[in-house]
Amino acid sequence: MRLVQINNRRTMKKEMISFTLFFLSAFSAGISHSSYHPDDQDALLDFKNSLSLDPYNSLHNWSPNHTPCNWTGVSCSSRRQRVVSLNLTSMGLVGPISPSVGNLSFLRVLDLTNNSFEGHLPYQLGKLFRLRELLLSTNELGGSIPSSLGGCRSLQFLGLSDNHLKGSIPSELGLLRKLEKLLLRVNNLTGTIPSFLANLSSLTDLDLRENRLRGDIPVDLGMLTQLKLLILFRNYLTGPVPTALSNCTHLQYLALQDNYLTGHIPWQFGKLSEMQTLLLWGNQLTGEIPSSLSNCTILQVLELEFNNLSGTVPLELGNLLKLRRLNLWGNYLVSGSRGLVILTALTNCSNLEHIDFSQNYFTGIIPTSVGLLSTALSYFLLPHNEIEGSIPEEIGNLTNLEALDLSGNRFDGSIPCTLTTLPNLERVNMEQNKLQGIIPECWGQAKRLGLLSHG
């Protein structure tokens, strides 16, 4: 009886060992055969086969003999071994985007930036409900933006810039509530800027520059309280600059230049305390430059040129201690009763590199305090105004000056020799003034000067 029990135990032990070995063998075989999903492989091979050119043979290892998770540009999830990322940037690939990409149901990132993909965007992209980043900028894609993209409800970054897309921005994009960046610049998009973009409450970057968009800038964009970057330049936009944009208190970069905008610059923009760049040039703006802009204390670039602005330049701009560029040319600005005191105010701006007051109606003399302007100043441009008096020798203190243009004014006297000591000076224009005599001999010492216009 005892011998039978011992034999039974031995038999059970052998069976357990055999079962364990069988299980491990089956599990190992399962891993080797299901380390990738066949649908993913088929979709990727369709993608490759649709290409007409792979100039650098970048996809040479895209073969049924290799697991897709080891293919160039492919990343898989660690647990399920499903394709989650396809990154083929800057490989010179040519051809259409295969509709089979829509079968990569676990895809989170599709980045085909900077290639030569052509044809239409596949409607099937809308099936990728897990997709977070769709980056197709800098290709040759045409047609319209498919409305099916509204199905990519997890999308955070949509980049379709620098293509040949046309038509209007589809309303279905308003369903992408998680979208943070929408970049559609440099296409042939038409219609208006849709108000439904205000539904994208997580949006931080909106770039629609260089399209064919018309109409007003929607007031509703002021509801995008997380917005940091708004670029709409070089379209056909009309109407006023919306005051409501002042509600976008995190705005850092606002570029509305080269449109047909009218009305005043909203004084409420002074509330944009995080603003670093404000570009409004090339419109039809009127009224005065609001002094409240001085509250944008970290502003670095202010470009308001080529508008119809009038009045004096607010002295408060001298409080913008981080200001690097101040471009006001081509307006109707004047000095006021105190003359060019704005230049004295700007001596507080120790980072200033570029001043352009060309083609206005400034009068008076250049104060000697000009020599206290930022030593970083490289461009000092005051042509075609009504400035008079002598040219201050103190300009010679601006040691990094590269270009000085005082042409088309009423300066008299002679050109100061102190300018010849400026080591970086390359261009000086003094034409159309009342300067006396010939160019002083000291100007022969100017080493880097390539152009000296005097007359």
Under 6.0 Å from the six-membered ring centre of F106 and within 45° of its axis: does the NZ or CZ of R130 meet both? yes
Residue pairs meeting side-chain hydrogen bond (donor to acceptor under 3.5 Å, both in side chains), one or both in residues 232-243, sequence neighbours left out, come to R234-D258
May I have the step-by-step check of side-chain contact (heavy atoms from CB on, under 4.5 Å) for L328 and V313, ending in yes or no? CA-CA 9 Å; L328 304 177; V313 182; 3.8 Å; yes
Going by the side-chain hydrogen bond (donor to acceptor under 3.5 Å, both in side chains) test, name the single residue among H37, Q124, K127 that passes it with N103. K127
Close side-chain approach of F269 to V241, heavy-atom, < 4.5 Å: yes
Within the 3.5 Å criterion, strictly below it, is a donor on N114 or S90 matched to an acceptor on the partner's side chain? yes
For Q41 and W71: C-alpha separation, side-chain torsions, deciding distance, then whether side-chain contact (heavy atoms from CB on, under 4.5 Å) applies. CA-CA 10 Å; Q41 186 185 66; W71 291 357; 3.8 Å; yes
Listing request: all ring-ring contact (aromatic ring centres under 6.0 Å, His included) pairs with a residue in residues 107-156, at least two apart in sequence or in separate chains. F47-F117
Of the non-hydrogen atoms in L381 and R427, which two are nearest, and what is the gap between them? CD2-NH2, 4.4 Å
Test F196 against L175 for side-chain contact (heavy atoms from CB on, under 4.5 Å), laying out the working first. CA-CA 9 Å; F196 61 73; L175 301 174; over 6 Å; no
Could you tell me whether the side chain of L135 reaches within less than 4.5 Å of the side chain of L112, counting heavy atoms only? no
Picking from N308, I265, T262, what satisfies side-chain contact (heavy atoms from CB on, under 4.5 Å) with L285? I265
Find out whether Y379 and E353 are in side-chain contact, i.e. whether some heavy atom of one side chain is under 4.5 Å from a heavy atom of the other. no
Please indicate whether R209 has more than 12 foreign heavy atoms, meaning atoms of other residues, nucleotides or ligands, lying under 6.0 Å from its CZ. yes
Taking atom CZ of F306 as the centre, report whether more than 12 heavy atoms of other residues, nucleotides or ligands fall under 6.0 Å from it. no
Between atom CG of L323 and atom CG of N351, what is the distance when rounded to the nearest 0.5 Å? 8.5 Å
Please examine the side chains of D205 and Y253, heavy atoms only from C-beta on, and report whether any two atoms are closer than 4.5 Å. no
Any side-chain donor paired with an acceptor under 3.5 Å for H250 and E274? yes
Please round to the nearest 0.5 Å and tell me the distance separating atom CG of L230 and atom CG of L256. 6.0 Å
Side-chain donor/acceptor of S374 to backbone N/O of A376, under 3.5 Å: yes
Check: L104 main-chain N/O paired with D39 side-chain donor or acceptor under 3.5 Å: no
Can any side-chain N or O of T192 pair as donor or acceptor with the backbone N or O of G215 at less than 3.5 Å? no
Check whether any side-chain N or O of N115 sits under 3.5 Å from a backbone N or O of M91 as a donor-acceptor pair, and report yes or no. yes
From OG (S350) to CG (L373), nearest 0.5 Å: 11.5 Å
What are the two closest non-hydrogen atoms of S77 and R80, and how far apart are they? OG-N, 3.6 Å
Checking side-chain polar atoms at under 3.5 Å, does D111 have a donor or acceptor matched by the opposite partner on T89? no
Distance-only, no hydrogens or angles: does the N385 side chain make a donor-acceptor pair with backbone N or O of L382 under 3.5 Å? yes
Can you name the closest pair of heavy atoms from S154 and K178 and give their distance? CA-CD, 4.1 Å
With a 4.5 Å limit on heavy-atom distance, are the side chains of L88 and L59 in contact? yes
Do the side-chain N and O atoms of T344 and S369 include a donor-acceptor pair separated by under 3.5 angstrom? yes
Rounded to the nearest 0.5 Å, how far does CD1 of I289 lie from CG of N331? 7.0 Å
What I'd like to find out is whether the side chain of L221 reaches to under 4.5 Å of the side chain of L245, using heavy atoms alone. yes
Give a yes or no answer on whether the side chain of D40 reaches the backbone of P38 with a donor-acceptor pair at less than 3.5 Å. no
Side chains of I193 and L237, heavy atoms from C-beta outward: is any pair under 4.5 Å? yes
Under 3.5 Å, side chain of N409 to main-chain N/O of I387, donor-acceptor pair present? yes
For residues L200 and L224, report the shortest heavy-atom separation together with the two atoms involved. O-CD2, 3.2 Å
Extract all donor-acceptor atom pairs below 3.5 Å that involve side chains of residues 158-172 and protein atoms in other chains or at least two apart in sequence.
{"from": "S161", "atom 1": "OG", "to": "L183", "atom 2": "O", "distance (Å)": "3.2"}
{"from": "S161", "atom 1": "OG", "to": "R185", "atom 2": "N", "distance (Å)": "3.2"}
{"from": "N163", "atom 1": "OD1", "to": "N139", "atom 2": "N", "distance (Å)": "3.2"}
{"from": "N163", "atom 1": "OD1", "to": "E140", "atom 2": "N", "distance (Å)": "3.4"}
{"from": "N163", "atom 1": "OD1", "to": "L141", "atom 2": "N", "distance (Å)": "3.0"}
{"from": "N163", "atom 1": "ND2", "to": "L136", "atom 2": "O", "distance (Å)": "3.1"}
{"from": "N163", "atom 1": "ND2", "to": "L160", "atom 2": "O", "distance (Å)": "3.1"}
{"from": "N163", "atom 1": "ND2", "to": "S161", "atom 2": "O", "distance (Å)": "3.0"}
{"from": "H164", "atom 1": "NE2", "to": "E140", "atom 2": "OE1", "distance (Å)": "2.6"}

Has the side chain of N295 got a donor or acceptor atom that lies under 3.5 Å from a matching backbone atom of K271? no
Using the salt bridge (Lys or Arg N to Asp or Glu O under 4.0 Å) rule, take E303 and R325 through it: C-alpha gap first, then chi angles, then the decisive distance, then the call. CA-CA 7 Å; E303 299 194 350; R325 294 177 61 89; 2.9 Å; yes
To the nearest 0.5 Å, how far apart are CG in L182 and CG in D207? 9.0 Å
Determine yes or no for a side-chain-to-main-chain donor-acceptor pair under 3.5 angstrom, with T204 supplying the side chain and L227 the backbone. no
Does one side chain, of D405 or S407, offer a donor that lies under 3.5 Å from an acceptor on the other? yes
Under the 3.5 angstrom rule, does the side chain of N61 hit a backbone N or O of T72 as a donor-acceptor pair? yes
Does one side chain, of R132 or Q156, offer a donor that lies under 3.5 Å from an acceptor on the other? no
Which heavy atom of C296 sits nearest a heavy atom of L272, and at what distance? SG-O, 3.5 Å
With heavy-atom distances below 4.5 Å as the criterion, would you say the side chains of L333 and T312 are in contact? no
Heavy atoms only: give me the nearest N199-R177 pair and the separation to one decimal. O-CD, 3.4 Å
How far apart are the C-alpha atoms of L304 and W281, what are their side-chain angles, what is the distance that settles it, and do they pass the side-chain contact (heavy atoms from CB on, under 4.5 Å) test? CA-CA 4 Å; L304 307 177; W281 58 265; 6.0 Å; no
Spacing of K48 atom NZ and H60 atom NE2 [to the nearest 0.5 Å]: 9.0 Å
